[in-house]
Structure formats: structure tokens, C-alpha cells
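Right, one structure below, let's go through it.
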Amino acid sequence: GAVVSQHPSWVICKSGTSVKIECRSLDFQATTMFWYRQFPKQSLMLMATSNEGSKATYEQGVEKDKFLINHASLTLSTLTVTSAHPEDSSFYICSVPRQEGNQPQHFGDGTRLSIL
Amino acid sequence: RKEVEQDPGPFNVPEGATVAFNCTYSNSASQSFFWYRQDCRKEPKLLMSVYSSGNEDGRFTAQLNRASQYISLLIRDSKLSDSATYLCVVSPGAGSYQLTFGKGTKLSVIP
């Protein structure tokens, strides 16, 4: 069964709206979670690493004030896209690191964000 | 140079065909290598890890050449259900959870 739950799976909203995406670790505690973004026909690009109880670590070129990350508990991280614009339309995926078997990360189902 | 580069594709092959995907990586310190499969608008799913000695899982064979920093995936007897995008993924390993993804190569298996 799924070990990471991501919600919502699909969002369509107007330009200027803020959108919150949740990522939950279902059966274990996660001090770290990763947030990725994938544009059509492009690779998954790491946006930021979410750290429980401290500030997220953002990758170069990712605006901290635009993409707010909160990792308030060991099972939940949220990504808020503030004042979203059409260029923010993308596929956002979270993942949880896990060294179980050969799987380094467990991915959520992803959120397809469409800004009109 | 991009960190992980793959064949641009798309690959359109008939059922039963054998298809090979290639991938090169730029970080020679990379320790762990994977092939993931991603269906349209879905999360990536681990297909197989890639080991130095090469490894096989049913119809899938992965090879690694550290000297050339090259990884390959061979799919034999292609099925319609193999249609997806195949992602080459590299990790520093040694306790690091970080993954670097290639753009992926799209495969369409045609009846």
C-alpha cells in the first residue's frame, strides 16, 4: 500500500490564488521530505528539502517567498504556492527518503496544478 | 553539461521488439543508479536498481559502466503495458537520499 499520501491530486484555480499541497508519511516518521516540480517533457527537479522543526532548504533558483514549505510534524509537510500564476502550472511531487530495500525515496501521487 | 542525459526519444516499437535506452551521468562520484518508470501524469516508480555487475529482472536488463559513466536498460519482448517514460536516476549513495533525474525517454509499444 501507499506509504506517502499527497493531496490534492489535481487543482485548477485562477491566477493570484494561493494553493496548498499536503504530503503525509503514512506509516513512519519523516524528519525530511523532498518537493519536486516537473514541467511537461522535463525531468523532475528538486525544489526544496523540507526539514521537520526547522527551515526548508531551497535549491538554487527556487523562490522561498513564492513556495512556502512547512514541516510542522513528523508526518506532514505542506507546500504553498503563493499568488500562483500560469507559469507555476506544473506537476508537483513530494517524496520521503527511505532506505528500505532498494528504494531510496517513496513518492506521493503528485499534484497537477493548473493556473488559469 | 546536464547531470543525467538520456536518449531524447520517443521510441515507437512493435510488440515483441527489443528496445534499449542509454543514459550518461556527469558526476563520477555517483554511487547508486536506478531506472524508474513514469506513466503519464503519475509519480515515478522504481523499475530496478542498477548494479556494477549488471542485473536482470525478467525481461529487463540493466548495465552500468562506471568508467564511461554510462547506464543502459534493455527491454526484451516488449508489451503494450511497457509504454511509459523511462527515467534514468543517479544518487550520490553513501547514505544520501538525493536523486538526480534524467528527462526520461518515452516508449510507445504499438500493437
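A quick note: this is a predicted structure, and the numbers were derived from the prediction, not measured. Chain identifiers are assigned alphabetically (A, B, ...) following the order of the sequence lines, protein sequences preceding nucleic acid strands; residue numbering begins at 1 within each chain.
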Electrostatic pair [X]-[Y], nearest N-O below 4.0 angstrom:
X     : Y     : answer
A:R24 : A:E22 : yes
A:R37 : A:E59 : no
B:D39 : B:R41 : no

_Residue part contacting chain B, namely of A:Q6, when any heavy atom lies under 4.5 Å_ = neither
*Heavy-atom distance under 4.5 Å to chain B: side chain of A:L44, backbone, both or neither?*
both
*Between A:K20 and A:P8, which heavy-atom pair has the shortest distance, and what is it?*
O-CD, 3.8 Å
*Search all heavy atoms of B:S78 against all heavy atoms of B:P14 and return the closest pair with its distance.*
CB-O, 4.3 Å
_is_close_aromatic(B:F21, B:F11), centroid dist under 6.0 Å_ =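 Yes, ring centres under 6.0 Å apart.
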*Taking only heavy atoms into account, what residues of residues 101-111 of chain B are found under 4.5 Å from chain A?*
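So far as heavy atoms go, B:F101, B:G102, B:K103 are the residues that approach chain A to under 4.5 Å.
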_Counting C-beta onward and ignoring hydrogens, is there a side-chain heavy-atom pair between B:Y25 and B:L64 closer than 4.5 Å?_
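Yes, close enough: below the 4.5 Å cut-off.
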_For B:L87, which atoms come within 4.5 Å of any heavy atom of chain A: side chain, backbone, both, or neither?_
side chain
*Which atoms of B:Q6 come close to chain A, meaning under 4.5 Å heavy atom to heavy atom: side chain ones, backbone ones, both, or neither?*
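For B:Q6, there is no contact with chain A at all, as no heavy atom is under 4.5 Å.
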*With sequence neighbours left out, which residue pairs that include part of residues 37-89 of chain A fulfil the ring pair (Phe, Tyr, Trp, His ring centres under 6.0 Å) condition?*
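Residue pairs passing ring pair (Phe, Tyr, Trp, His ring centres under 6.0 Å), neighbours aside: none found.
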